[in-house]
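One structure below.
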Amino acid sequence: MKIVCKECNKEFEPKQDMLKESYLGSMKTQTYFRCPHCNKKYVVCINTPKARRLMTDIKKCEALGDNAKAAKSRKELKIEMDKSNGRST
């Protein structure tokens, strides 16, 4: 997926190795990447302790084949991520 930077108007494709994390306090982390041309920061998401726990639960449920519990945890995770990232559900 190509992105056009809002700062320098140059196009680039974000890669997995461009993702960085920073600690925000209160056990929250921010995942972001920067434009390789002008260094503008783009926030991808903010993770809370609850979101990290839900992600771990999903992986465990999938490994055990408990798809119903994994689906329930995914719904909870979406609600938590929307809440912590300022999106309404």
Side-chain angles (χ1 to χ4, degrees):
M1 172 173 79
K2 296 204 180 208
I3 294 175
V4 176
C5 178
K6 292 179 182 177
E7 191 74 26
C8 68
N9 293 319
K10 292 189 180 176
E11 190 175 273
F12 66 98
E13 189 162 346
K15 307 275 189 224
Q16 186 69 28
D17 63 342
M18 292 173 71
L19 291 175
K20 307 290 184 209
E21 273 192 353
S22 63
Y23 181 69
L24 299 176
S26 299
M27 304 274 300
K28 292 181 183 179
T29 57
Q30 179 183 69
T31 303
Y32 65 94
F33 62 89
R34 292 189 179 273
C35 171
H37 306 288
C38 70
N39 214 30
K40 177 173 173 48
K41 184 178 185 177
Y42 289 91
V43 176
V44 175
C45 68
I46 296 173
N47 285 313
T48 62
K50 182 177 180 181
R52 286 190 292 277
R53 180 185 54 77
L54 288 166
M55 286 184 236
T56 302
D57 289 349
I58 292 166
K59 286 180 185 176
K60 286 179 185 176
C61 291
E62 288 174 341
L64 295 171
D66 191 347
N67 295 332
K69 189 170 181 187
K72 182 181 177 208
S73 293
R74 271 190 215 93
K75 286 180 184 176
E76 284 182 56
L77 176 60
K78 181 177 180 348
I79 292 167
E80 177 63 20
M81 292 297 285
D82 285 347
K83 186 172 94 177
S84 66
N85 289 286
R87 296 183 188 106
S88 59
T89 52

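For reference, positions follow the sequence shown, starting with 1.
- Counting only residues at least two apart or in different chains, ring-ring contact (aromatic ring centres under 6.0 Å, His included) contacts with residues 46-66 are absent.
- A search for side chain to side chain donor-acceptor pair (under 3.5 Å) contacts involving Lys41 returns Gln30, not counting sequence neighbours.
- Listed by first and then second residue, the side-chain hydrogen bond (donor to acceptor under 3.5 Å, both in side chains) pairs involving residues 2-11 amount to none (not counting sequence neighbours).
- Residue pairs satisfying the ring-ring contact (aromatic ring centres under 6.0 Å, His included) criterion with at least one member in residues 53-84, sequence neighbours excluded, are absent.
- Atom CE of Met27 sits in a sparse spot, with 12 or fewer heavy atoms from other residues, nucleotides or ligands closer than 6.0 Å.
- Partners of Leu19 according to the side chain to side chain contact (heavy atoms under 4.5 Å, CB included) rule, which considers only residues two or more places apart in sequence or in another chain, are Gln16, Thr31, Phe33, Val44.
- The cluster map of Ile, Leu, Val, Met, Phe, Trp and Tyr, joined by side-chain heavy atoms under 4.5 Å apart, puts Tyr42 and Met18 in the same cluster.
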Which donor-acceptor pairs under 3.5 Å do side chains of residues 63-73 form with protein atoms, sequence neighbours excluded?
residue	atom	partner	partner atom	Å
Asp66	OD1	Lys69	N	3.2
Ser73	OG	Lys69	O	3.3

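- Under the side chain to side chain contact (heavy atoms under 4.5 Å, CB included) criterion, Thr29 pairs with Glu21, Tyr23, Asn47, Arg52, sequence neighbours left out.
- The salt bridge (charged side-chain N to carboxylate O under 4.0 Å, His left out) check on Glu62 picks up Arg74, with sequence neighbours excluded.
- Pairs of residues two or more places apart, or lying in two chains, never qualify as ring-ring contact (aromatic ring centres under 6.0 Å, His included) while including a residue from residues 46-77.
- Among residues two or more places apart in sequence or in another chain, the side chain to side chain contact (heavy atoms under 4.5 Å, CB included) test is passed with Asn85 by Cys45, Ile46, Met81, Arg87.
- Contact between Ala51 and Leu77 at its shortest, heavy atoms only, is O-CD1, 3.6 Å.
- Judged as a ring-ring contact (aromatic ring centres under 6.0 Å, His included), and not counting sequence neighbours, Tyr32 has no contacts.
- A pairwise comparison of heavy atoms in Phe12 and His37 identifies CB-NE2, 4.1 Å as the closest pair.
- Evaluation of the side chain to side chain donor-acceptor pair (under 3.5 Å) rule for Asp57 yields Arg53 as partners, not counting sequence neighbours.
- The local environment of NZ in Lys60 is sparse, with at most 12 non-hydrogen atoms from other residues, nucleotides or ligands closer than 6.0 Å.
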